[in-house]
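What follows is one structure encoded as structure tokens, with my remarks underneath.
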Amino acid sequence: PGKPGAKLLLEADGSFCGTIGGGAIEHTVRGRQEEWFRLEVAQRLVIDLGVELGMDCGGTMELLVEPFAVQARLVLYGAGHVAIELAHLAARVGYRVVVMDDRPEWANRKKFPEASEIILAPLDGSQTGVALRADDAIVVVTRGHSHDYAMAARALGEPHAYLGVIGSRRKARVMRQKLASAGVDEESLARIHCPIGLDIASETPAEIAVSIVAELIALRRRGDRVGALE
């Protein structure tokens with residue numbers, strides 16, 4: 001049913017592009033999608049169209065199932081001192097960095113040469129600036145608590161893999177109370193990392209960036225939940 005070289009791209013959200021011939025063979029392959037997303041290396045798959053799929057045409061079809069990942073993306077809400085250091089370090093470990101702030105004197109190419117995208121927009125929670133994906137890491141480091149709360153609340157309703165908000169333990173408690181009062185459920189609150197980053201007694205913007213990126217690496221490699229909202 002398919003010709004040599006035909007390709008089918010399967011996305012984690014169930015969407016797809018292309019075809020390997022349609023019909024029973026494609027239905028079978030798409031039905032094993034969860035299995036494919038657990039693969040770490042390419043795999044050869046041979047399907048007997050008659051025996052396995054009951055197709056009268058018979059014959060076999062050979063497939064190469066190959067996993068690949070889109071470059072991890074870090075979305076920074078805020079373009080201050082910590083964000084500058086964080087963008088530099090995150091880019092070094094393979095993240096595609098997007099920066100959003102409402103101050104052109106901060107959100108610019110001179111301060112963020114590594115950023116793939118710089119967005120000038122309000123940090124009032126009215127927008128996320130980009131279409132967020134399920135594998136995105138979001139870090140909220142704005143210039144004020146009201147902006148932090150607004151962007152965190154907005155991001156909670158969007159797809160993401162990680163949401164971190166800079167702040168102290170006291171700020172984390174206040175944030176929990178405010179978001180809970182606004183109707184955010186406990187499960188959603190538990191997804192926020194605040195204080196942000198691993199506890200390495202960091203003080204300077206560069207040290208804070210190291211702690212955040214270390215937490216992102218731990219999450220990406222091991223699925224750690226270190227540092228969630230307290």
Any side-chain heavy atom of [X] sitting closer than 4.5 Å to one from [Y]?
| X | Y | value |
| --- | --- | --- |
| Val140 | His147 | no |
| Pro205 | Glu85 | yes |
| Val98 | Leu74 | no |
| Ile212 | Leu198 | no |
| Leu49 | Met61 | yes |
| Ile196 | Glu215 | yes |

Checklist entry - Which residues pass the salt bridge (Lys or Arg N to Asp or Glu O under 4.0 Å) test with Arg30, sequence neighbours left out? => result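 For Arg30 there are no salt bridge (Lys or Arg N to Asp or Glu O under 4.0 Å) partners, ignoring immediate neighbours.
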
Item to check | Residues in salt bridge (Lys or Arg N to Asp or Glu O under 4.0 Å) contact with Glu62, at least two apart in sequence or another chain | outcome: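 For Glu62 the salt bridge (Lys or Arg N to Asp or Glu O under 4.0 Å) partners, ignoring immediate neighbours, are Arg44.
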
[X] [atom1] to [Y] [atom2] distance, which is reported to the nearest 0.5 Å:
| X | Y | atom1 | atom2 | answer |
| --- | --- | --- | --- | --- |
| Leu132 | Ile138 | CG | CD1 | 4.5 Å |
| Glu52 | Thr28 | CD | OG1 | 8.5 Å |
| Leu156 | Met151 | CG | CE | 11.0 Å |
| Leu63 | Gln43 | CG | CD | 10.5 Å |
| Leu189 | Glu187 | CG | CD | 10.5 Å |
| Ile208 | Leu89 | CD1 | CG | 13.0 Å |

Next on the checklist: The test is side-chain contact (heavy atoms from CB on, under 4.5 Å); show your working for Trp36 and Leu45 and say whether it passes.
Outcome noted: CA-CA 11 Å; Trp36 307 144; Leu45 177 67; 3.8 Å; yes

Item to check | Co-membership, hydrophobic cluster, residues Leu120 and Met100, 4.5 Å side-chain | outcome: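 Different clusters.
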
Checklist entry - Is a salt bridge present between Arg154 and Asp124, judged by a nitrogen-to-oxygen distance below 4.0 Å? => result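 No, Arg154 and Asp124 are not salt-bridged.
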
Checklist entry - Between Asp136 and Arg96, does at least one N-O distance fall below 4.0 Å, as a salt bridge requires? => result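 Not counted as a salt bridge, because no side-chain N and carboxylate O are separated by less than 4.0 Å.
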
Exam field: side chain [X] to backbone [Y], donor-acceptor pair closer than 3.5 Å:
| X | Y | answer |
| --- | --- | --- |
| His160 | Ala134 | no |
| Glu26 | Thr19 | no |
| Ser15 | Glu11 | no |
| Ser181 | Gln177 | yes |
| Glu207 | Ser202 | no |

Checklist entry - ring-ring contact (aromatic ring centres under 6.0 Å, His included) with His81: which residues, sequence neighbours excluded? => result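 With neighbours one apart ignored, the set is Trp106.
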
Item to check | side-chain contact (heavy atoms from CB on, under 4.5 Å) between Lys171 and Asp148, intermediate numbers included | outcome: CA-CA 10 Å; Lys171 178 181 176 180; Asp148 287 344; 2.4 Å; yes

[X] atom [atom1], neighbour heavy-atom count above 12 within 6.0 Å:
| X | atom1 | value |
| --- | --- | --- |
| Gln71 | CD | yes |
| Glu105 | CD | yes |
| Glu35 | CD | yes |
| Arg170 | CZ | no |

Taking every non-hydrogen atom, the tightest pair across [X] and [Y]:
| X | Y | value |
| --- | --- | --- |
| Val130 | Thr128 | O-OG1, 2.7 Å |
| Val97 | Ala90 | CG2-CB, 4.2 Å |
| Ala91 | Glu114 | CB-CB, 3.8 Å |
| Cys194 | Val165 | SG-O, 3.2 Å |
| Ala83 | Phe112 | O-CE2, 3.4 Å |
| Ala115 | Ile118 | CB-CG1, 3.9 Å |

Item to check | salt bridge (charged side-chain N to carboxylate O under 4.0 Å, His left out) between Glu186 and Arg176, worked out | outcome: CA-CA 9 Å; Glu186 286 295 321; Arg176 173 183 286 277; 2.8 Å; yes

Next on the checklist: Let's go through Arg143 and Asp102 carefully: what are the C-alpha distance in whole Å and the side-chain angles of both, what is the deciding distance for salt bridge (charged side-chain N to carboxylate O under 4.0 Å, His left out) to 0.1 Å, and is it a yes or a no?
Outcome noted: CA-CA 10 Å; Arg143 65 181 181 276; Asp102 57 359; 2.7 Å; yes

Item to check | Candidate pair Asp135 and Arg73, rule side-chain contact (heavy atoms from CB on, under 4.5 Å), full reasoning | outcome: CA-CA 7 Å; Asp135 58 348; Arg73 186 169 66 171; over 6 Å; no

Next on the checklist: Run the side-chain contact (heavy atoms from CB on, under 4.5 Å) test on Leu216 and Tyr162 for me, step by step, so that the C-alpha distance in whole Å, both residues' side-chain angles and the decisive distance to 0.1 Å come before the verdict.
Outcome noted: CA-CA 8 Å; Leu216 291 176; Tyr162 171 96; 3.5 Å; yes

Item to check | Polar contact flag, side-chain donor to acceptor under 3.5 angstrom, Asp48-Thr60 | outcome: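 Thr60 and Asp48 do not have a side-chain donor-acceptor pair below 3.5 Å.
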
Item to check | For Asp101, the option from Leu76, Thr142, Val141, Leu123 that meets side chain to side chain contact (heavy atoms under 4.5 Å, CB included) | outcome: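 Going through the options one by one, the only one that passes is Leu123.
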
